[in-house]
Amino acid sequence: QVQLVESGGGLVQPGGSLRLSCAASGFTLDAYAIGWFRQAPGKEREGVSCIRRTGIKLYYLDSVKGRFTISRDNAKNTVYLEMNSLEPEDTAVYYCAALRTGNLFWCSGSGADYPYWGQGTQVTVSS
């Protein structure tokens, strides 16, 4: 059974950092492209970043470029989202999603492209 479990969220002050983890079970992560998404209260879900099987990283929000870093550790079957210089506007539930693909060079910032999702982890940035 394919399962994704996010962790690492919490309450942090503006300017602080968090590292989110997305642990995969039931499948081998290296055959999958992974995306990170977030949904703030009253807003639509938005794509934050994705990482291809090759490890190439894409970022979809100008507001997170230079502050967030996505990475993958296939040996640990885990994908990470390192978030620095956090702002109140980053407050949201963060989700990881996975798609098995034979295309080494694909990933997407559209949630509709991913069939497998984690349950989400809450990130709250507040003083």
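All values reported here derive from a predicted model rather than from experimental measurement.
The distance from atom OH of Tyr114 to atom CG of Leu99, rounded to the nearest 0.5 Å, is 7.0 Å. With rounding to the nearest 0.5 angstrom, the CD atom of Gln122 is 4.0 Å from the OG1 atom of Thr124. Annotation: the span from Ile70 atom CD1 to Met83 atom CE amounts to 12.0 Å, rounded to 0.5 Å. The distance from the OG1 atom of Thr78 to the CD atom of Glu6 is 11.5 Å, given to the nearest 0.5 Å. Taking CG from Asp90 and OG from Ser63, the interatomic distance works out to 6.5 Å, rounded to the nearest 0.5 Å.
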Evaluate the criterion side-chain contact (heavy atoms from CB on, under 4.5 Å) for residue pair Val48 and Val64; output intermediate values, then yes/no.
CA-CA 8 Å; Val48 176; Val64 309; 4.2 Å; yes
Please lay out, stage by stage, how Lys57 and Thr69 fare under the test side-chain contact (heavy atoms from CB on, under 4.5 Å).
CA-CA 8 Å; Lys57 309 167 186 182; Thr69 303; 4.1 Å; yes
Verify side-chain contact (heavy atoms from CB on, under 4.5 Å) between Thr91 and Glu89, making sure each step is shown before the conclusion.
CA-CA 5 Å; Thr91 295; Glu89 294 73 22; over 6 Å; no
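Leu29 and Phe37 sit in two unconnected hydrophobic clusters of ILVMFWY residues. Membership requires side-chain heavy atoms under 4.5 Å apart, directly or through other members. In the hydrophobic clustering of this structure, Leu4 does not group with Tyr80; members are Ile, Leu, Val, Met, Phe, Trp, Tyr whose side-chain heavy atoms approach within less than 4.5 Å, directly or through other members. Taking hydrophobic clusters as Ile, Leu, Val, Met, Phe, Trp and Tyr residues chained together by side-chain heavy-atom distances below 4.5 Å, Val93 does not share a cluster with Leu11. No continuous path of ILVMFWY side-chain contacts below 4.5 Å connects Leu20 to Leu58, so the two sit in separate hydrophobic clusters. The hydrophobic cluster containing Tyr95 does not contain Ile34, counting ILVMFWY residues as joined when their side-chain heavy atoms lie under 4.5 angstrom apart, directly or transitively.
Residue pairs that meet the side chain to side chain donor-acceptor pair (under 3.5 Å) test with at least one member in residues 14-31, sequence neighbours left out, are Ser17-Asn84. Every pair passing disulfide (SG to SG under 2.5 Å) that includes a residue from residues 95-127 is listed here, sequence neighbours excluded: Cys22-Cys96, Cys50-Cys107. The side chain to side chain donor-acceptor pair (under 3.5 Å) analysis of residues 98-113, with sequence neighbours excluded, yields the pairs Ser108-Asp113. Identified under the ring pair (Phe, Tyr, Trp, His ring centres under 6.0 Å) test for residues 43-75, with sequence neighbours left out: none.
Tyr32 is linked by a ring pair (Phe, Tyr, Trp, His ring centres under 6.0 Å) to Phe27, counting only residues two or more places apart in sequence or in another chain. For the salt bridge (Lys or Arg N to Asp or Glu O under 4.0 Å) test, residues two or more places apart in sequence or in another chain that qualify with Lys65 are Asp62. Residues satisfying the side-chain contact (heavy atoms from CB on, under 4.5 Å) criterion with Val12, sequence neighbours excluded, are Leu18, Leu86, Val125. Residues passing the salt bridge (Lys or Arg N to Asp or Glu O under 4.0 Å) test with Glu82, sequence neighbours excluded: none. Qualifying side-chain contact (heavy atoms from CB on, under 4.5 Å) partners for Ser127, counting only residues two or more places apart in sequence or in other chains: Pro14. Residues meeting the side-chain contact (heavy atoms from CB on, under 4.5 Å) test with Ala92, sequence neighbours left out: Arg38, Ala40, Tyr94. Among residues two or more places apart in sequence or in another chain, the salt bridge (Lys or Arg N to Asp or Glu O under 4.0 Å) test is passed with Glu87 by Arg67.
Formation of a donor-acceptor pair under 3.5 Å by the Thr54 side chain with backbone atoms of Arg52 is not found in this model. Asp73 places a side-chain N or O within donor-acceptor distance of the main-chain N or O of Lys76, the cut-off being under 3.5 Å.
Residues near Val5 contribute nothing to a hydrophobic cluster around it, because no ILVMFWY side-chain heavy atom sits closer than 4.5 Å to its side chain.
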